[in-house]
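First comes the structure, then the notes that go with it.
Proteins get letters first, then strands, A, B, ... in listed order; numbering begins at 1 in each.
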Amino acid sequence: MQSKALPGFRDLYPADTALLQKIFDVWRAVSARYGFEEYGGPPLEPLELYTAKSGEEIVGQLYHFEDKGGRAVALRPEMTPTLARMVAAKASDFKKPIRWYTIPQLFRYERQQRGRLREHFQFNLDLIGEPGPLADAEVIAAAIDVMRGLGFGPESVRVRMSDRRVIRALLMGAGVEEEQLGAAYAAVDKIERDSRDALTDRLKGAGIERPIADRVLDLAEIRGLESVLGALDEVTDGELIGDGLTECHGALANMGLVEFVDVDLSIVRGLDYYTGIVFELFDANRSVRAICGGGRYDDLLRALGGIDLPAVGFGMGDVVITELLRSRSGAPSTPSRLDVYLVAVTSSDVPEVLRLSHALRDIGIRVEYALKQQAVAKQLKIASVRGSGRAILIGPDERESGEVVVRNMDTGTEEQVPITALTEDLAWLGGRETP
RNA sequence: GUGGUUGUAGCUCAACUUGGUUAGAGCGCCGGACUGUGGCUCCGGAGGUUGGGGGUUCAAGUCCCCUCAGCCACCCCA
């Protein structure tokens, strides 16, 4: 093997780039439909931007080094701290709620696996300044619409949604102490992955003993809005706590998207900064890890940027989506890259080919021609491989008569077209879209 | 970072039971048959330090050790 890209990094060949671009296009199109504006930020940030609130232990998962000015810097592993700084710096400039999205390339130093590299592009969409559940529903709907835009329906993509406030109330109602919540969340999060016995042991290690531990694990298995509300009825003041989840669910129903949504109390998300509704998108048959994760983080902007604004958003990486698209649709079709290929029959025809190619390019038509003299058969073969819809043959006869041969590469039929008419009337292109 | 597993051409895979001579095929790529007509067919060519290094042996793709890389699990999931 010769040299390759670093572990966890990708060389993006044209076919890879085309697929990535398609994903970007959907991200941008959905964002635009929801009224979100794109922003950006530096790929390199002060190391302390990430260590300040997350602690030193995450340094091991960062690409970080000292720059030539002696600053401790890191490649960004996430966008939220940058977003917090940007919003905080100009919070009063923007009418609330702020609807922003971005597509940063993010980096993390850890061992790669399928669907998880050391670098990826992650669509981040955040809605800042609105605490109500319609904001949560808006963001979740956008995530769903991205997957719909990529051709996935409710049979293949599922939203699993929960609410930190609900699970917290239920856990405390079950007898979990405030300081044990972290351990309880971790156990709830792993309910589908680990055995009950193993989780009971873990809970025991955190001081949560048998009767309570059993109740914690039972809560983690609650599915469906009705069951959640039923469980909340058993808790003091529980009815109000379910309102957010109920309204968000109802809003998604009104939008016609509820068939994508499962209320699932085992979803807690790893980060402890989430304060309300949390959600993840999954491939329905779970062949890959989560497609997307997000939720409400009403306290984070104050902690990070010193500005007190509620917020809700999500991150969606390109790697898992790419895996899904590749496994689903088999070989990605090669899109047409050319409108027309100009064939010079003899070397004397090259000047006319050059003149015509540039005249066509000037009006936005995608044109290629051979850069060296080749047999007509060879030139047509390349035209075919390039996905060109038409080929124009220019030889001594054509230059003499002023009429070129336009060959339809799909059907093989040919027609004579006056060379002067080629740039005037584009009928010969067969209705192909041109700018 | 820890543990497990895999590694042969650009890709997918071969290479007899138990080490044996010059590591093969399909697809793809390049060229030719076809000097003004692509797809089909036929023919030819390039492309390998068998991931790398060391060891055992008369002899290693094959056995042993180390290392690198992929995959899986843990960790973590921004």
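Side-chain N/O atoms of A:Glu398 and base N/O atoms of B:G36 include a donor-acceptor pair closer than 3.5 Å. For A:Arg407 against B:G38, a side-chain N or O and a base N or O form a donor-acceptor pair under 3.5 Å. Judged by distance alone with a 3.5 Å cut-off, a donor-acceptor contact links the side chain of A:Glu414 to the base of B:U37.
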* Starting at the 5' end of RNA chain B, what dot-bracket string do you get if Watson-Crick and G-U pairs under 3.5 Å are bracketed, crossing pairs use [ ], other-strand pairs use | and unpaired bases use dots? -> (((((((..((((......[...)))).(((((.......))))).....(((((..]....))))))))))))....
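Applying the salt bridge (Lys or Arg N to Asp or Glu O under 4.0 Å) test to pairs two or more places apart or on separate chains, those with a residue in residues 119-132 of chain A are A:Arg10-A:Glu119. Sorted by first and then second residue, the side chain to side chain donor-acceptor pair (under 3.5 Å) pairs with a member in residues 367-380 of chain A read A:Glu368-A:Arg386; sequence neighbours excluded. Each salt bridge (Lys or Arg N to Asp or Glu O under 4.0 Å) pair with one or both residues in residues 18-36 of chain A, not counting sequence neighbours, appears once here: A:Arg28-A:Glu38.
Position along RNA chain B of the nearest nucleotide to A:Leu6 versus A:Thr411 favours A:Thr411 as the more 5'-ward residue. Comparing A:Glu110 and A:Arg114 by the nucleotide of RNA chain B whose heavy atom lies nearest to each, the residue mapping closer to the 5' end is A:Arg114.
A:Gly412 comes within 4.0 angstrom of a base, heavy atoms only. Residue A:Arg108 is classed as a base contact, given a heavy-atom separation below 4.0 Å to a base. A:Met409 comes within contact range of at least one nucleobase, with a heavy-atom separation under 4.0 Å. When heavy atoms are screened at a 4.0 angstrom cut-off, A:Pro7 is found touching the sugar-phosphate backbone but no base atom. No contact: A:Pro81 has no heavy atom under 4.0 Å from any strand.
Across A:Val367 and A:Ser357, no two heavy atoms sit closer than the pair CG1-CB, 3.8 Å.
Residues that satisfy the ring pair (Phe, Tyr, Trp, His ring centres under 6.0 Å) test with A:Phe121, not counting sequence neighbours, are A:Phe24. Residues forming a salt bridge (Lys or Arg N to Asp or Glu O under 4.0 Å) with A:Arg118 (at least two apart in sequence, or on another chain): none. Residues meeting the salt bridge (Lys or Arg N to Asp or Glu O under 4.0 Å) test with A:Asp425, sequence neighbours left out: none. Every residue two or more places apart in sequence or in another chain was checked for a ring pair (Phe, Tyr, Trp, His ring centres under 6.0 Å) with A:Phe282, and none qualifies. Partners of A:Phe94 under the ring pair (Phe, Tyr, Trp, His ring centres under 6.0 Å) rule, at least two apart in sequence or in another chain, are A:Trp100. A:Phe65 meets the ring pair (Phe, Tyr, Trp, His ring centres under 6.0 Å) test with no other residue; sequence neighbours excluded.
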* Structure fact -> Counting primed atoms, P, OP1 and OP2 as sugar-phosphate and everything else as base, the B/S/- map of nucleotides 26-35 of chain B against protein heavy atoms under 4.0 Å is -----SS---
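Between A:Gln373 atom CD and B:G36 atom P there is a gap of 9 Å when expressed in whole angstrom units. The separation between A:Asp194 atom CG and B:A73 atom C1' is 11 Å, rounded to whole Å.
Within the 4.0 Å cut-off from OP1 or OP2 of B:C71, not a single side-chain nitrogen or oxygen of A:Arg116 is found. At least one side-chain nitrogen or oxygen of A:Gln113 sits closer than 4.0 Å to the OP1 or OP2 atom of B:A73.
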N/O to N/O distances under 3.5 Å, protein versus nucleotides 41-47 of chain B:
none

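Under the 4.0 Å criterion applied to side-chain N and carboxylate O atoms, A:Glu192 and A:Arg223 are assigned as salt-bridge partners.
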